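For reference, the structure discussed in these notes is given below.
Within every chain, numbering begins at 1; the chains are lettered A, B, ... in the order of the sequence lines, protein sequences first and strands thereafter. Keep in mind that this is a model prediction, so the values were computed, not measured.
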Amino acid sequence: MAQDLTSAAPGYRHRRRQPVLPDAVLGMAFFIVAEAMLFFGFVSGHVIVEANAMGGWPPPGQPRLPVASTAVNTLFLLASGAILFYAGRRFRESADAARRPFVLSVALGALFVLLQGYEWQGLIREGLTLSSSSYGSFFYMIVGTHALHAVGAIGWLFVLLFRLQKGWLTEESFQAGRMLWYFVVLIWPMLYWQVYL
Amino acid sequence: MAVLLLWSAPVWACPVCGGAGPNQQAFVDTMVFMSLSPLIMLGAIVGFVVYKVRTMPEELPVSVPVPVSDRVPEGEPQV
């Protein structure tokens, strides 16, 4: 029989304890740890294979990655994260104050994904595919997984934006959504450094 | 994700673990990195929760004794 933990014992006035962390935030923190390990595993595999490459890295005959244009794209992503941080600060004042920076942040994130897709088109045309070499495999696996996370996070941010418009957005769910986007933003420089440089 | 995994070209990382030279160093480095990363991240979360519990205000206990004068006799509705 389940014990009713919400009722107070006789002689005691019941008060619900304030949660140490909101459930959504704690759950997101553990999810991010798991996702970070996924990326760390990819990066570790990349480091080992790169060290094992006899003919140099990138392998001869493989197209070079667009380092400069992706660096600019990285700035868009970092700006998106910074603006979302600002939106979070403004949200504590009022929902209206957060709307504009929130929209701008999502737009910059979407721009990052679109530019990544454009970059992929060029690389595929030059012959870099998932099965062309281990170089291509690692590139699409690592960058593609990050892009999947970015798309998923942007989708969730759209949901949060809709809830903001309707006045349903709570600080807890906004905080959890921001955490996911910060993860997408902050892990990217490490991936860029490992894969592109 | 499954499509990506199945489509990718296979690479063999296992031989480097027993070999000498820079490959083995890469293996050792990543092994240490992969071993410590989850411990550090989970430790940071647990540490943060412990810190928050310790710094929580004391006026929010699970339940507090009610003075005898405020107690409601059994059978009467609680306000």
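Nearest heavy atoms, Phe40(A) versus Met41(B): CE1-CE, 4.0 Å.
Linking ILVMFWY residues whenever their side-chain heavy atoms come closer than 4.5 Å, directly or via other members, places Val151(A) and Leu191(A) in the same cluster. Under the 4.5 Å side-chain contact rule for hydrophobic residues, Leu108(A) and Leu84(A) do not share a cluster. Hydrophobic cluster membership is shared by Phe30(A) and Met28(A), with clusters built from Ile, Leu, Val, Met, Phe, Trp and Tyr side chains linked at under 4.5 angstrom. Val159(A) and Leu104(A) are not part of a single hydrophobic cluster, where members link through side-chain heavy atoms under 4.5 Å apart.
Contact annotation for Leu26(A): only side-chain heavy atoms (C-beta onward) come within less than 4.5 Å of a heavy atom of chain B.
Counting heavy atoms from C-beta outward, Phe48(B) and Leu21(A) have side chains that approach closer than 4.5 Å. Contact check for Ile45(B) versus Val33(A): side-chain heavy atoms found under the 4.5 Å cut-off.
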